[in-house]
*Asks:* 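Got a structure here, written out as structure tokens. Questions coming.
FYI, the numbering just counts along the sequence from 1. Just so you know, ligand 1 is whichever comes first in the structure, and atom 1 is the first atom listed for that ligand.
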Amino acid sequence: MQKILQEAIDNNRHWTAHGAVASYIPELAKENPDALGVCIYNIDNTTLCAGDSHTKFTIQSVSKVVTLICALIDKGKETVFSSVGMEPSADPFNSMVKLETRESHKPLNPFINAGAIVCTSMVQGDNGIEKFNRIHNMIKIMADNPAIDINQSVYRSEKLTGNTNRAIAYYLKGAGLIEKDVEDVLDTYFKLCSIEVTALDVAKMASVVANNGITPWSNERLMSIEICRIVKAIMTTCGLYDSSGQFSVEVGLPSKSGVGGCIMAVAPQNMGIAVIGPALDSHGNSMAGKKVLEYLSNELNLSIF
Ligand code: DON
């Protein structure tokens, strides 16, 4: 198995040269475009890593998985999906075009930025700090790592330049889809994107979903089986934005990408996988990371389809 992981990295490292690090958040432009690493956390509590798996990166949109989980636990399925849809958007992650053209103004799903901002506002808490603490704590518990914290430079960079997200959030506020103060919700969203993790952290988070909501290392139930089912379904249909269909064909695992270069993947009843490769394709997904997952899916027969 370690050999397969090493091959996945060695055979696909050349793909890093075909992508580019995100630069619309200036601090992310400092990431190493050549890095490529992978970690697997099996639900029998064994770990395997290869490549640059110790690279630290910001979680970015992979945090949207945990935001959705917390919103579902705190408010329930009916309330969450009354304010956000469950359909793929076929548009880029930060697109706002369909917010206006669709009758309800509801974001199409919880994983585009608009949908995640709505879900952030629905998480339990009287203000942004409480909502952030709620989701941050869940990330730390799901990763079994109490040291996980914000990368302050990335947070400042996001907050300074996040004008598209600001436009989205104010539109949503106008449409009555955001609870409480819009700047407070945006600040929480920026902080969540700036949380710094490693591939092992993300693989462990994915392993909880793979294990139907129970931490494999301590047998603690963090969420219901129903929430896991919803999250896996939305990861499969929306997790890689407007390339989710192609990714399902090529990899076939419920997954979520982030512009920090991480892809979290869930092999149900089996393992959590995380790849890190900051060079991105034109959709904002790790270029070589996708190829590593495709290799692993083929070699280990992981596709759910
Ligand atoms: O809000 C943003 O644009 C970023 N902080 C997160 C976007 C992201 O990770 C999209 N993923 N591929």
*Asks:* Can you tell me the protein heavy atom closest to atom 3 (O) of ligand 1 and the distance?
*Replies:* Y24 OH, 2.6 Å
*Asks:* Below 4.0 angstrom from a heavy atom of G284, which ligand 1 atoms are there? Numbered from 1 as shown, please.
*Replies:* 12 (N)
*Asks:* If we ignore hydrogens and angles and just use 3.5 Å, is the side chain of S297 paired with the main-chain N or O of E294 as donor and acceptor?
*Replies:* no
*Asks:* Under a 4.0 angstrom heavy-atom cut-off, which atoms of ligand 1 come close to V259?
*Replies:* 6 (C), 7 (C), 8 (C), 9 (O), 10 (C), 11 (N), 12 (N)
*Asks:* Check for me whether K256 meets the cation-pi criterion with F111, that is, NZ or CZ under 6.0 Å from the six-membered ring centre and within 45 degrees of the ring axis.
*Replies:* yes
*Asks:* So, does D281 use its side chain to make a donor-acceptor pair with the main chain of M287 at under 3.5 Å?
*Replies:* no
*Asks:* Could you list which atoms of ligand 1 come closer than 4.0 Å to a heavy atom of N165?
*Replies:* 1 (O), 2 (C), 3 (O)
*Asks:* Using a 4.0 Å cutoff against the non-hydrogen atoms of C193, which atoms of ligand 1 qualify?
*Replies:* 5 (N)
*Asks:* Give the atoms of ligand 1, by number and element, whose distance to some non-hydrogen atom of N113 is under 4.0 Å.
*Replies:* 1 (O), 2 (C), 3 (O)
*Asks:* Just checking D44: does its CG atom have more than 12 heavy atoms from other residues, nucleotides or ligands closer to it than 6.0 angstrom?
*Replies:* yes
*Asks:* Considering only protein heavy atoms, which is closest to atom 5 (N) of ligand 1, and at what distance to one decimal place?
*Replies:* Q60 OE1, 2.6 Å
*Asks:* Walk me through whether N113 and K64 qualify under side chain to side chain donor-acceptor pair (under 3.5 Å).
*Replies:* CA-CA 9 Å; N113 290 7; K64 293 173 166 91; 2.9 Å; yes
*Asks:* Please write down residue, atom name and distance for the protein heavy atom closest to atom 1 (O) of ligand 1.
*Replies:* Y189 OH, 2.6 Å
*Asks:* Which residue holds the protein heavy atom closest to atom 9 (O) of ligand 1, what is that atom called, and what is the gap in Å?
*Replies:* S61 OG, 2.6 Å
*Asks:* May I ask you to list the atoms of ligand 1 that are less than 4.0 angstrom from any heavy atom of I25?
*Replies:* 4 (C), 5 (N)
*Asks:* At less than 4.0 angstrom from any non-hydrogen atom of E158, what atoms of ligand 1 do you find?
*Replies:* 5 (N)
*Asks:* Would you confirm whether S157, through its side chain, and S153, through its main-chain N or O, come within 3.5 Å as a donor-acceptor pair?
*Replies:* no
*Asks:* Mind telling me whether Y171 and H105 have parallel, tilted or perpendicular rings, with 30° and 60° as the class edges?
*Replies:* perpendicular
*Asks:* Side chain or backbone of V62 under 4.0 Å from ligand 1, or both, or neither, by non-hydrogen atoms?
*Replies:* neither
*Asks:* Assess the side chains of Y241 and S61: does a donor N or O sit below 3.5 Å from an acceptor N or O?
*Replies:* yes
